[in-house]
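In what follows, every heavy atom counts, from backbone to side chain, and hydrogens, waters and symmetry copies are set aside.
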Amino acid sequence: MNRYGFDMQALLAQRGATLRSSLAARLYTWDEIAEQDEEESIGMTEMIEPAAAPAATPPPGGEMAKAYSHAEVESRWYDWWEAQGYFRPERDPAKTAFTIIMPPPNVTGELHLGHALTTTIEDIMIRWKRMQGYSALFLPGFDHAGIAGQYVVEKELARSDLTRHDIGREQFLEHAWAWMRKYIPIISNQFRRLGASCDWSRARFTMDAGPARAVRTVFKHLYDKGLIYQGERIINWCPRCMTSLSDLEVESEETPGSLWTLRYPLADGSGSILVATTRPETMLGDTAVAVHPDDPRWQGMIGKQATLPLTGRTVPIIADAAIEQGFGTGAVKITPGHDPLDFEIGRRHGLPAINLMNTDSTLNANAGTYAGLKPSAARAAVLEALAAQGLLIKTEPHTHVVPHCERCNTILEPLISKQWFVRIQPLADPAIAAAQDGRVGFVPDRFSKVYMHWMSNIRDWNISRQLWWGHRIPVWTCANGHEFAGADEPETVTACPTCGTAEIRQDPDVLDTWFSSGLWPFTTLGWPDQTPDFDYFYPTQVMETGYDILFFWVARMLMQGLENTGQVPFSTVYLHGLVRDETGRKMSKSLGNTVNPLQAADRYGTDALRFNLATGSTPGNDMKFSESRLEGMQRFANKLWNATRFIVFESGSATRRVSAEASRTPALPPAERLTLADRWIISRQHALAGDVQRLMEDYNFGEAGRLIYDFMWGEFCDWYLECAKGPLNGSDAQATADTVAVLRWTLERGLRLLHPFMPFVTEELWQNLLGRPADADLPANAQSICVAAWPRPVDAPYDAAAEREFGLLMAIITAIRNARAEAIKDAPEGQKADLARKRIPAYLAAGESVALLQGQTAILARLAGLEPGGLEIAAALPAAGSAPGMTTLVVEDVAVALPLSALVDRDAVRNRLASEATQAGDEIARVEAMLANEAFMSKARPAVVAAQHTKLAAARDRLAALQARLASLD
RNA sequence: GGAGCCUUAGCUCAGUUGGUAGAGCGUUUGAUUUACAUUCAAAAUGUCACAGGUUCGAGCCCUGUAGGCUCCACCA
C-alpha cells in the first residue's frame, strides 16, 4: 500500500462479490455509477461489497432450456475459471511463454467499443495459445492517463466549486488516488465481463511503486547518458490545461480565417514593405521581416530596417530561404516568440524573441497597451489601430491550419518555454533497425512503412508537463546550483550528492503519460529487477492495439525496450482499426453515437459481441458497428445451444445420454462402421481445423471465425445433423450409438475451435456435452475447455472420396428441392400446399454412381422430401421415370426424374433443359479452348490443368445427360 | 506538399500463393405434430469504381484517372 492507501492486489481481490452482486445481473454505465455516488464523497469504495459467495458457482445440471440465455450462462463461468487458476500461468520451463500485455485503459471513462475490440482480439490469441499448451500470460493494467486523469478529477472537484489550486497539490493527489481506487476495480470487472482471460494477480497500475521506480530508473539512465536535457524551446502550450504538450498531442484543424496584408514603413522613409499574416496580433512581438533571398520584388530591401507599427521599434529585413515566394506578398513578419518556423529563422539570424503571452494566453506587459487582452480581442484591436493608420492593406478569406489540444480542443499557443526533452535520434536508430531487419513485424504490413516514415523524421520529445497528476520528474536542484537525477523514492532524497546540502528542490513538473506507457512491456514484469517473470515472459510476442497510437505508444515502447532491455519488447505489432457507427462516423460523446459495449453484451451476450467484433473486419481496417450483425451472432449462440441440446438430451434416445457420460474425450467409432455422411463430416471437420489454424497463424481471425460459423451452422447443423436423424430414430442400436459418437466428436472439436471467440457459450456447451454430472458441483479439478487441447490439424483433404461422394449427394438433394420449389411456385393456387407437403417418388439414372446412391436412399429421401419406397435408382433411367409428366434434372452424370410436370408447362421444362444444355456446351467450349491453348498447357500448374480436365469431363457428362432427357421428352 | 487505405449484390462486408465471385441483413416464395421461428428450404439481384498494361488467364499484380477516408508535414 502506498501513502495514498492504494494497493492494487487488495483492490482487485474484492472484485468477485461485485461481479455477482451487481455487474453480472446488470451492468451499470459510467453515468449510472456516478449517479449512485451523487451524494457520496469521492473516494468511497462501497461499490465493492465484501466477498460472500464461493469463488466457483457451478452450472445447474439437468435439462437444457429451450432457448439460450446468455445472461445466465455468462454470469456463471468467469469466477470459476479465475478461481481455478487457468489465467495464471506458471513459469514452466517445459512450456513456451506466450505473452500479451494489455494496452492499459485510462482510468477516466467508461469502456468503449475500442476496448472491447482490442480485448476480444487479444483474448482470442491468448485463449488459442493457452489451448495449444503455451504458458499464456495476458497481463492487464491501468493507465493514470496524465492530462486526462487530472481533468476528470478537476471536473469532480468542480462539482464542489473547487479548483485544484484551492486545495493544493498534496490534497489534489489524495483525490486523484481516491478516484483510481474507486474506478480500477470497476473497470477490471468490465474486462471480466468481456471474458478477458487476464491474470489479475499480475495486474499493474502505471503509478504503482514498481512501475514508478522503473520510470525514475529510466529517466536517470537517459539523463546521465545525456539523452534527456532541459532547454528553452518553442513548444505547444494549452492555455486551458496550462501545460506544454508534445507535437503528437497537437490536433491540426483546418479553420477558416483571414489573411491580412500589412504595410510596414521602412525606417529610412524610402518606402515600405508589405507582409501577409494570419495572426496580426503577434506583430507586437515581431523582431524581423523576412523575404526569400532570390525574390526580385524585395531585393533592394534586404538589409534595411523597417519600423514596426504600433510599437515604433525598428526591425531588420532579412533574407531566408525558408520563405515561399509564391505565398502572400513574399514577405513575412517574423515572430520568434510565437511561431515555430519564425523561431527557427530567429535562431538562424540571431534575432531576439519577445514573449507576448501569459500562460492563460492573455497578452502580457510586452504587448504594451494591449496587455490583458485575449488573443481574439487583441487581434481586433491591433487591426483597428492599423486600419486607422492606413497600414491595413488587404483582408482576404484564407483557410489555415490551427493547432488544437488533443484532449480539450482548446486552441494551442506556440510559445517559448523551458522544458525537458528526450534527445530521440539515438533511441530511434535502433528501433528503425529492428523493423528493417525483421526483429519486429507489423500486421498488416503496410504499417511498417508508416512507422519507418515517422521514425525517420522524428523530433526531440517534450516530456515535461505542468501538471500535478503523474510521475514527478526525478530531478533536484540544490541551493548551490547542483542538478541531479535520482531513481530512489522521492521521499528518501534528502541531500545533494555533490555538496551534501539538504536545501534541495524537486522539479515541480510531471512526465508525459506516454513516457511511462513506453516502458509498459517490461515494467509490468518487474523490471528493473531481474524478476523470474521478466526472465520467463519477456520479450513478449504480440502487441495488439489501435493504429491511432502507433506513434504515441508502439514506437516509444520499441525505442525504450531496446534502450533499456536490449531487446525488442514484442516481435509482432498487430494493429486494429477504429470502430465506427453504422453510418461510418467516428464514435464520440458529442455526436451521441457511442455504443456502450457492456450494454451490447447485456442485450446480445458477450459471446455475440466478441464474435461480431472479431469477424466484422480485417486487420488495420476500420469497421462499422452494426446491430443487425450482432443479432445474427446472438442467433448463432442459440443455434449452437440447440444443436448441443439435441445431441445431449433430445429425441428420446437413452443411448445418447449414457454414452455422453461414459467418456470425457469423444472417440470416433471404428472406420468400418462409419457411414458416408460420417466420413464426410469428419473430413470437413479436419479441413476446418487446418484452415482455422492457418488463418489464425496469419492473424486472420475474422476469416477463421467465419469458417467456423459456416461449418457449424451450414455443414454440421443443416446437413450432417439432419442426416443423423435417420440412424438416431432407427432401430439399430449400434448405428444410433455410432452416430451419437460422431455427433459428439464433431461438436466437441467445433466448440474447441470456437472457444477463443465465444468463451462462455462454448464452455457451457462443452460441459453439458461431456457429461457434467447433473446437479452436482464441479469438482475443483474439473477440466475446462479453457485448457482443453487445441485440435491439431491433419493434412487435407482427410477423406477426398467422402467429400466428393457426399458432395454429389448434396447436389442432387439441392437440385430436387429446387425443382420442387419451382414447381410449387408454378402450380395453380389450390394445389400449392398439397404439392409442398406431399412426399413424391423419384427415379434416378445414376451411371457410375449407381452403387453409391443406392446406399444413400435414406438420406436422399429424408433431405429431399422423397417417398422412401418410391425411390428407384439404376444405371439407366427406370421405366417409371420415362413416363409422361416427369420433370427431369441433371446433376453431374446423374439424371433425376420427378413427377412434377403434370402441374407445369412441358415447354417450360424443355426450355430450361435446353438452356442448361447451352450453358454446359459453353463451358465445354471454354475449357476445351483452354486445354487446347499451348501456352496454358505449358505454363499452368499441373493441378490447375487437372482441375480443368475434371471440369470438362463433368460438363460433358452433364451435357450428355441433358441431351438424353431432351430426347426422351419428345 | 508527401504517404497510405477504401471503391465487390439493395445495405454491411469477406474474398492471402492470379484459374470467370461469397456471407449476413434485407427482399420474394414455400414449410409449423420440428433440436432451434433466435428455424428450415428455395429464388432473385454483380460490366468486382473507370481506363490502360503484364499474363494463356486479373476482383486479386503494375500504371494512370475519378470519388471517399486517414495519417504525416513549420506556406506566414
Side-chain angles (χ1 to χ4, degrees), chain A residues 64 66-68 234 252 259 275-279 282 290 322-329 331-335 339-345 398 400-401 414 444 446-447 449-450 453-454 457 547-548 550-551 577-578 582 584 615-618 620-629 631-651 694-695 698 700 702-703 706 709-710 714 717-718 721-722 725 813-814 817-822 824-825 832-833 835-837 863 865 923 926 929-930 933-941 943-945 947-948 951:
Chain A
M64 295 169 71
K66 190 167 174 178
Y68 175 57
I234 191 151
S252 294
L259 183 67
V275 298
T277 181
T278 55
R279 299 196 61 191
T282 64
I323 306 303
E324 293 282 330
Q325 298 186 45
F327 188 87
T329 61
V332 186
K333 58 190 266 321
I334 300 298
T335 322
D339 183 277
L341 176 61
D342 292 3
F343 180 80
E344 286 304 316
I345 293 173
H398 178 67
H400 60 130
V401 175
R446 62 187 147 88
F447 284 109
K449 265 182 278 180
V450 182
H453 180 257
W454 188 77
N457 297 284
Y547 65 70
D548 51 330
L550 174 60
F551 307 140
L578 267 48
E582 234 147 337
T615 55
S617 66
T618 37
N621 290 332
D622 294 353
M623 67 178 294
K624 291 180 188 142
F625 187 80
S626 128
E627 192 121 342
S628 68
R629 258 181 65 85
E631 280 174 23
M633 299 315 163
Q634 182 185 22
R635 289 203 294 271
F636 181 45
N638 185 62
K639 186 76 180 174
L640 295 167
W641 172 269
N642 275 293
T644 307
R645 183 163 73 98
F646 174 73
I647 292 168
V648 177
F649 294 109
E650 293 296 320
S651 294
R694 177 176 51 78
L695 288 164
D698 282 348
N700 222 327
E703 188 66 1
R706 196 185 61 77
Y709 176 100
D710 287 349
C717 289
D718 290 345
L721 212 146
E722 290 305 319
K725 285 175 181 172
I813 290 164
T814 302
R817 285 167 172 173
N818 177 359
R820 293 197 64 180
E822 293 298 318
I824 291 164
K825 212 179 265 183
K832 277 187 181 184
L835 185 58
R837 281 186 212 114
L863 297 198
E923 178 157 351
R926 190 178 59 79
M930 200 187 286
N933 185 332
E934 269 183 45
F936 172 76
M937 295 304 285
S938 59
K939 290 178 183 173
R941 292 197 315 276
V944 173
V945 176
Q948 294 302 327
K951 200 181 260 182

Between the side chain of Arg817(A) and the main-chain N/O of Leu863(A), is any donor-acceptor distance below 3.5 Å?
yes
Under 4.0 Å between any heavy atoms, over every strand shown, what does Val332(A) touch: base, sugar-phosphate, or nothing? Just pick one.
base
Does Arg706(A) have a side-chain nitrogen or oxygen under 4.0 Å from the phosphate oxygens OP1 or OP2 of G24(B)?
no
Consider the side chain of Ala67(A), meaning its heavy atoms from C-beta on, and name the nucleotide among A35(B), U38(B), G4(B) that approaches it most closely.
U38(B)
Sugar-phosphate only, base, or nothing, as touched by Ile345(A) at under 4.0 Å among non-hydrogen atoms:
nothing
Phosphate oxygens OP1/OP2 of C13(B): is one of them under 4.0 Å from a side-chain N or O of Thr618(A)?
no
Can you tell me if Arg629(A) touches the phosphate of U12(B), counting only side-chain N or O atoms and a distance under 4.0 Å to OP1 or OP2?
no
So does Lys725(A) reach the base of A35(B) with its side chain, donor to acceptor, closer than 3.5 Å?
yes
Reckon Tyr547(A) touches a base, only the sugar-phosphate, or nothing at all at heavy-atom distances under 4.0 Å?
nothing
Base U39(B) to side chain Arg635(A), donor-acceptor N/O within 3.5 Å cut-off
no
Just how far, in rounded Å, is P of A37(B) from CH2 of Trp641(A)?
14 Å
Which one, A35(B), A76(B), A42(B), comes nearest to the side chain of Asn818(A)?
A42(B)
Mind checking if Asp718(A) touches a base, just sugar-phosphate, or nothing, with heavy atoms under 4.0 Å?
sugar-phosphate
Do the non-hydrogen side-chain atoms of Arg635(A) and Glu631(A) ever get within less than 4.5 Å of each other?
yes
Among the candidates G19(B), A35(B), A31(B), find the nucleotide nearest to the side-chain atoms of Arg645(A).
A35(B)
Categorize Ala836(A) for me: base, sugar-phosphate, or nothing, with a 4.0 angstrom heavy-atom threshold over every strand shown.
sugar-phosphate
Starting at the 5' end of RNA chain B, what dot-bracket string do you get if Watson-Crick and G-U pairs under 3.5 Å are bracketed, crossing pairs use [ ], other-strand pairs use | and unpaired bases use dots?
(((((((..((((.....[..)))).(((((.......))))).....(((((..]....))))))))))))....
Lys639(A) near the nucleic acid: base, sugar-phosphate alone, or nothing, with a heavy-atom cut-off under 4.0 Å?
base
Quick one: which of A76(B), C25(B), U12(B) gets closest to the side chain of Ser628(A)?
C25(B)
Can a side chain N or O of Lys624(A) be found less than 4.0 Å away from OP1 or OP2 on C13(B)?
yes
Can you tell me how far P of C74(B) sits from CD of Glu324(A), to the nearest Å?
13 Å
Touch class at under 4.0 angstrom, heavy-atom based, for Ala940(A) against every strand present
base
Given U20(B), is OP1 or OP2 found less than 4.0 Å from the side-chain N or O atoms of Lys951(A)?
yes
